[in-house]
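Being a predicted model, the structure only gives us computed values, none of them experimental. The sequence lines fix the lettering, A, B, ..., with proteins before strands; numbering per chain opens at 1.
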Number of protein chains: 2
Amino acid sequence: MRAEDRRELVLEAATIVFGERGYVGATTDAVAKAAGVSQPYVVRMFGTKEALFLAVLERALDRLLDAFEIVLDEGGDIDEVRNRLGVAYGELLSDRGLLLCLMHAFVLGSDPAIGPAARRGFLRVYALLRERAGLSIDEAREFLGQGMLLNTLIGLRMAAEDAPEAAELVDSVAPTKADLVRRLARS
Amino acid sequence: MRAEDRRELVLEAATIVFGERGYVGATTDAVAKAAGVSQPYVVRMFGTKEALFLAVLERALDRLLDAFEIVLDEGGDIDEVRNRLGVAYGELLSDRGLLLCLMHAFVLGSDPAIGPAARRGFLRVYALLRERAGLSIDEAREFLGQGMLLNTLIGLRMAAEDAPEAAELVDSVAPTKADLVRRLARS
DNA sequence: GTCTATAGGATGATAGAC
DNA sequence: GTCTATCATCCTATAGAC
């Protein structure tokens, strides 16, 4: 296998593992096992666990922004675009761990290395919504709120709870993705 | 000092430390230093680090629900109540680390001990909004979305960023609390 | 490029004195 | 109730063989 492919493989595995256990809770050994390589090799490829997480974060943000760019390129009026941005965000659920890694980064703002990267990433998304998509401040705030709520429900594995309120809430936040959310919550 | 008071002191310190570094990243030693007691004593009081975090989580949820109950007891029409619930939520920013601890718990849904406690806590809040405050599904979703967005901005320490978009976003999400949010982001 | 072996450091928890 | 001392474990990172 080419080195480039192996790097991508490790990044995918790391996204899942960091998404599951968070930056501190995840071990480079768990990432290595998930990728089918040795632990020292993971460290060797990225230098440090911190650098690995930053690479995972960068990759996740790129995927998110790429998905949004595609929606913007398709054009349409502002309401259509906003809806399709929401749909595109929901599609990212299929990339396992991706939204969770973003969320884990977003609660580590006080970390001297991860904090600045996370803030810049969040602001890139905000700038895209405001400037490229043309959302007003209030529209952007609403949109981001629903995104963070979805992330939270995923982080909580809320769909694994069998209370009726849990189902009602998940259905409300992700009407077309409820089944996927349920599957993720149990895996 | 009475044992009860010392316990509360440790819980306060733990809330700040867990809020700053998360459940896994925080050490019982850091909590002990923040509370001015020895590390083994912290463990002795709560049994395990996990039990300490669960106690912090329970305390945070109780404070949140108490604040909401007070608003509900004051009465008023549904729009007033919703606004005052939002204000009450913002007031919790003054209790340092409280909202951050909730957020840290909310991304640990796959933890066998913390996950269930976090889900039940979130659902208690949701049930209060729906049943006691009388919000519709969509209203509750909107309300929670803005709450999670505020939590995220706090977690990111977004107000520490000096980009103009950062200020715009913080002002939009917490208009009356922007100064407090800025202060917290730098501490 | 990739592995095995392991050093080195941090941390949760226990033992036991006062 | 509270501390000091310390053990045992885990984990990142390095050394070095192939």
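Going from atom CD of Gln39(B) over to atom P of dT6(D) covers 15 Å, rounded to whole Å. A straight line from CE of Met45(B) to C1' of dG1(D) spans 10 Å, rounded to a whole angstrom. Atom CG in Asp29(B) sits about 14 Å away from atom C1' in dC3(D), given to the nearest Å. One can place CZ of Phe53(B) at 14 Å from P of dG12(C), the figure rounded to the nearest angstrom. As rounded to whole Å, 14 Å separates atom C1' of dG12(C) from atom CZ of Arg44(B). Atom NZ in Lys49(B) sits roughly 15 Å away from atom P in dT14(C) (whole-Å rounding).
Among the heavy atoms of the strands lying under 4.0 Å from Thr28(A) are primed sugar atoms or P, OP1, OP2 only; no base atom is included.
The stretch residues 18-27 of chain B comes close to DNA chain C through Ala26(B), Thr27(B), each having a heavy atom under 4.0 Å from the strand. In the region residues 2-17 of chain A, proximity to DNA chain C at under 4.0 angstrom, judged on heavy atoms, holds for Ala3(A), Arg6(A).
No side-chain donor-acceptor contact under 3.5 Å links Arg21(A) to the backbone of Thr27(A). When atom types are taken as modelled, the side chain of Ser172(A) and the backbone of Glu168(A) share no donor-acceptor pair closer than 3.5 angstrom.
Relative orientation of the Phe53(B) and Phe18(B) rings is perpendicular, given thresholds of 30° and 60° on the angle between their planes.
Remark: Asn151(B) CG to Met148(B) CE distance equals 4.5 Å, nearest 0.5 Å.
Leu135(B) has its side chain out of reach of Arg141(B): every pair of non-hydrogen atoms, C-beta onward, lies at least 4.5 Å apart. Between Arg130(A) and Glu139(A), the closest side-chain pair of non-hydrogen atoms is not below 4.5 Å.
Salt bridge present: Arg124(A) and Glu58(A) bring a charged side-chain N and a carboxylate O closer than 4.0 Å.
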Set out, in order, the CA-CA distance, both residues' side-chain angles and the distance that settles salt bridge (Lys or Arg N to Asp or Glu O under 4.0 Å) for Arg84(A) and Asp79(A), then state yes or no.
CA-CA 9 Å; Arg84(A) 289 212 308 274; Asp79(A) 284 334; over 6 Å; no

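By the 6.0 Å and 45° rule, Lys177(A) does not stack over the aromatic ring of Tyr89(A).
With dA13(D), dT14(C), dC3(D) as the candidates, the nucleotide lying closest to the side chain of Pro40(B) is dT14(C).
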